[in-house]
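First comes the structure, then the notes that go with it.
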Amino acid sequence: MKQIAVFLVMTVIVFGSCTSLFQKGQNQFRAGEYQLAISTFSKILEDDPDNQQANFYVAESYRLSNRVEKSEAYYAKLIENEETFESYFRLGQSLKGQGKYEEAKEAFTKAQEITLDDNYQRLARLELNNLAKLEAIEPYFPYLEVENYRLLNTPYAEYGPFLSEGFVYFTSNRMPTGIYKGTGTPYLKIFRAKAEGIKVDVQNIQLLPQFQNETNLNQGSLTLSPDGNMIIYSRSNSESSRDLPDTHLFASYFRGGGYTQPIWMPVNEDEFYTNQTSAFSPDGNELYFASIRPDGQGGLDLYRATKLANGDFGNAVNLGPQINTPGNEMFPYVAPDGKLFFASDGHPGYGKLDLFVAERTSNGWEVKNLGPNVNSVADDFGIFFSKYPTEGFLSSNREGGLGDDDIYYFEDKTPKPKVVNVFLNVTTKEKKDDGTEVILPQTRVVLYDANNKNVGGDFSNQNGRLRFTLAPDQNFSMIATKSGYFTKSLSYSTTGKTPRPEDLIQDVTNIVLDTTIVLDPLILEKAIVLENIYYDLDKADIRPDAALELDKLVQILKDNPSIRIELSSHTDARASDAYNDNLSQRRAESAVAYIVSKGIDAGRLVAKGYGKRQLIIPNAQTEEEHQVNRRTEFKVIEIRD
């Protein structure tokens with residue numbers, strides 16, 4: 001990744017030549033040979049540690065070769081001699097790149113204080129705002145765990161993994177064939193190995209077989225189109241005066257059973273633009289890539305190009321200031337759900353490059369840092385999901401690696417939820433004439449959820465028992481049926497009957513509950529007393545307490561749609577026959593009207609007032625005996641097919 005970063009263009013002040021050694025270092029710096037320039041100017045600093053020009057070139061060489069964290073001492077030396085915005089600002093970046101946030105804040109604050117330039121003020125303010133937001137960053141994937149793929153990595157650089165059709169492709173300089181003078185490390189090439197998800201065959205890694213890696217060039221950050229017919233990669237840092245001066249995108253096409261030699265892509269548009277780290281949209285119709293262009297926000301920006309009729313990509317559009325910053329945005333990845341993942345050092349992050357995700361909202365893009373379980377103070381970049389969003393790869397040069405950029409794999413380790421099984425034991429019984437309840441075997445009980453969906457059903461055994469498995473904190477209903485008995489429904493809720501999730505200890509907790517369903521025999525012309533049906537003296541209006549009891553009859557009628565009933569009202573023996581007949585008829589009709597108001601067909605109901613002609617206790621003497629005679633009953637008079 002270091003080699004890919006060296007093209008970041010900066011205008012530097014060239015100091016006058018002092019010695020042949022100094023001039024040699026200047027020439028190396030101008031040529032982008034930053035590692036050689038560091039070595040040359042370090043020799044000057046051995047004899048003259050306060051040499052401002054040598055300190056400047058070493059500091060800038062580290063920064064431009066993506067090693068700004070190593071430049072702290074040199075920028076500090078520059079500040080000892082002269083306090084400038086540039087020196088304080090770059091010192092702040094170096095300190096931030098080492099995780100020294102408080103010191104970085106002081107440096108950025110000082111940089112802001114000593115300049116009146118609006119653009120410089122904006123840059124310092126952005127860095128200070130980003131530092132202030134660090135504590136508010138939360139893990140985007142809370143249970144994602146990142147591990148170094150030690151069997152795949154070497155002390156050299158490995159980064160930018162891309163998985164396609166059973167192979168993982170990545171960039172590495174593990175086979176040195178020349179030294180890139182910008183960083184003093186071998187040139188980068190593209191490799192591949194067989195892979196199944198994040199499981200890589202590390203014993204059989206080979207150079208890219210589709211076409212030959214070129215010598216004395218950095219090549220990497222490969223991507224393939226979803227249909228596998230197009231390979232795009234970054235190619236850079238040629239030392240030939242006849243070659244392109246910067247980093248560009250090259251493409252190889254599948255033709256006639258093989259891939260063509262790579263060619264320069266028109267999407268680059270200008271040979272002096274920097275273009276790199278590309279990714280296709282899931283449908284292959286868009287290409288996202290990083291570029292430095294005049295319409296950018298500063299540094300590398302992300303662009304989106306669309307597929308043209310001839311198969312090339314063009315009409316590149318900057319993704320705008322919600323995505324891009326004055327810093328660098330690169331290594332895009334477009335997820336299947338349209339979310340854009342990328343690396344940036346311009347959004348609030350922990351040091352150098354961090355990984356971010358951008359989500360589309362009604363107000364445009366919303367960018368979020370992936371959080372401390374994914375990012376580090378070092379460079380974190382090149383994310384790729386082998387199984388979105390639970391596993392994949394990323395690249396990092398964080399502490400604890402094997403030496404340079406390393407490939408890491410990640411997996412979602414969300415803890416398995418603790419399971420609560422609710423077992424409901426149901427006992428079916430019947431009510432006898434004397435009020436006792438006895439076991440009623442072979443009763444059909446059907447279970448429904450809160451949406452009235454059938455979620456179970458069975459017959460009770462010879463002991464009248466059956467069992468359902470229910471979900472915690474849910475509402476259910478059951479309907480029990482048996483030939484010769486009234487069908488009965490009842491509600492059942494598990495809410496509040498299981499432990500709270502935070503109180504669970506075992507992975508699996510079983511809760512056993514019990515309930516009983518009692519059925520009444522369905523016998524034609526057998527009177528059934530409705531208990532607690534009361535009326536005010538000499539009135540037939542349905543009181544609220546009577547309505548509650550009548551609701552039970554309404555439910556019986558709903559549960560048993562084939563029955564037709566007679567609802568009768570009875571008085572005690574006091575008062576005249578005519579008075580009692582009239583009163584009881586009005587009360588029966590009032591009860592029927594209430595039931596009809598609840599949705600029961602009036603044709604299923606007959607109202608009958610019997611007055612005092614069917615006394616249960618003749619010659620009643622006490623109020624309690626009179627109350628027994630004052631009753632409301634119903635009986636089934638017809639069972640329709």
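Because the structure is predicted, anything quoted here is derived from the model rather than measured.
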Apply side-chain contact (heavy atoms from CB on, under 4.5 Å) to Asn130 and list each qualifying residue two or more places apart in sequence or on a separate chain.
Leu126, Pro348
Working to the nearest 0.5 angstrom, can you tell me the gap between [X] [atom1] and [Y] [atom2]?
| X | Y | atom1 | atom2 | answer |
| --- | --- | --- | --- | --- |
| Leu222 | Arg192 | CG | CZ | 11.0 Å |
| Asp345 | Asp354 | CG | CG | 9.0 Å |
| Leu163 | Lys387 | CG | NZ | 12.0 Å |
| Asp405 | Asp379 | CG | CG | 7.0 Å |
| Asn81 | Asn55 | CG | CG | 9.5 Å |
| Ser61 | Phe56 | OG | CZ | 9.0 Å |

Are Arg63 and Glu60 close enough for a salt bridge, meaning some N to O gap below 4.0 Å?
yes
Compare every heavy atom of [Y] with every heavy atom of [X], then report the nearest pair and how far apart it is.
| X | Y | value |
| --- | --- | --- |
| Phe410 | Ile198 | O-CD1, 4.4 Å |
| Leu217 | Ser236 | CD2-O, 3.6 Å |
| Leu249 | Ser234 | CD2-OG, 3.8 Å |
| Ile323 | Val367 | CD1-CG2, 4.1 Å |
| Asn275 | Ser291 | OD1-OG, 2.8 Å |
| Leu287 | Ser278 | CD1-CB, 4.0 Å |

Residues, nucleotides or ligands: over 12 heavy atoms within 6.0 Å of [X] [atom1]:
| X | atom1 | result |
| --- | --- | --- |
| Tyr120 | OH | no |
| Glu113 | CD | yes |
| Lys105 | NZ | no |
| Lys497 | NZ | yes |
| Glu138 | CD | no |

Note, [X] side chain near [Y] side chain (heavy atom, < 4.5 Å):
| X | Y | value |
| --- | --- | --- |
| Met265 | Asn268 | yes |
| Leu340 | Pro332 | yes |
| Thr115 | Phe89 | no |
| Ser395 | Pro161 | yes |
| Pro226 | Asp283 | no |
| Arg304 | Leu319 | yes |
| Trp365 | Glu359 | no |
| Arg174 | Glu158 | yes |

Taking the ring of [Y] and the ring of [X], is the distance between their centroids below 6.0 Å?
| X | Y | result |
| --- | --- | --- |
| Phe108 | Tyr88 | no |
| Phe29 | Tyr34 | yes |
| Tyr333 | Phe384 | yes |
| Phe313 | Phe289 | no |

Start with the C-alpha gap between Phe331 and Leu355, add the side-chain angles, then the distance that decides, and say whether side chain to side chain contact (heavy atoms under 4.5 Å, CB included) holds.
CA-CA 9 Å; Phe331 289 96; Leu355 285 162; over 6 Å; no
For Asp412 and Thr414, run side chain to side chain donor-acceptor pair (under 3.5 Å): C-alpha distance rounded to whole Å, both residues' side-chain angles, the deciding distance at 0.1 Å, then the answer.
CA-CA 6 Å; Asp412 189 316; Thr414 301; 2.3 Å; yes
Describe, in one word, how the ring planes of Phe341 and Tyr388 are oriented to each other, choosing from parallel (under 30°), tilted (30 to 60°) and perpendicular (over 60°).
perpendicular
Test side chain to side chain donor-acceptor pair (under 3.5 Å) on Gln474 and Thr494 and set out the steps.
CA-CA 6 Å; Gln474 298 290 324; Thr494 56; over 6 Å; no
Stepwise side chain to side chain donor-acceptor pair (under 3.5 Å) test for Asp295 and Asn318:
CA-CA 8 Å; Asp295 64 343; Asn318 188 290; 4.5 Å; no
Please name the residue in the list Glu69, Gln93, Glu72 that meets the side-chain hydrogen bond (donor to acceptor under 3.5 Å, both in side chains) test with Gln98.
Glu72
Side-chain donor or acceptor of [X] paired with backbone N/O of [Y] under 3.5 Å:
| X | Y | result |
| --- | --- | --- |
| Asn373 | Phe141 | yes |
| Tyr149 | Val200 | yes |
| Gln121 | Gln112 | yes |
| Asp301 | Gln297 | yes |
| Ser172 | Ala157 | yes |
| Asp48 | Ile44 | no |

Answer with yes or no whether the side chains of [Y] and [X] bring together a donor and an acceptor at under 3.5 Å.
| X | Y | result |
| --- | --- | --- |
| Glu329 | Ser344 | yes |
| Asn375 | Tyr140 | no |
| Thr361 | Asn363 | no |
| Tyr409 | Glu411 | no |
| Asp406 | Asn148 | yes |

Take Thr84 and Leu78, measure what side chain to side chain contact (heavy atoms under 4.5 Å, CB included) needs, and give me the verdict at the end.
CA-CA 9 Å; Thr84 65; Leu78 293 175; over 6 Å; no
Show, in sequence, the C-alpha distance, side-chain angles and deciding distance for Glu46 and Lys43, and conclude whether the salt bridge (charged side-chain N to carboxylate O under 4.0 Å, His left out) test is met.
CA-CA 5 Å; Glu46 288 177 3; Lys43 293 177 181 177; over 6 Å; no
Within 45° of the ring axis of Tyr75 and under 6.0 Å from its six-membered ring centre, is that where the NZ or CZ of Arg90 lies?
no
Ring-face cation of Arg398 near Tyr408 (centre distance under 6.0 Å, axis angle within 45°)
yes
Run His248 and Asp246 through side chain to side chain contact (heavy atoms under 4.5 Å, CB included) and show every step you take.
CA-CA 6 Å; His248 292 276; Asp246 239 321; 4.0 Å; yes
Applying side chain to side chain contact (heavy atoms under 4.5 Å, CB included), run through Tyr74 and Leu45 and close with a yes or a no.
CA-CA 10 Å; Tyr74 304 97; Leu45 291 174; 3.7 Å; yes
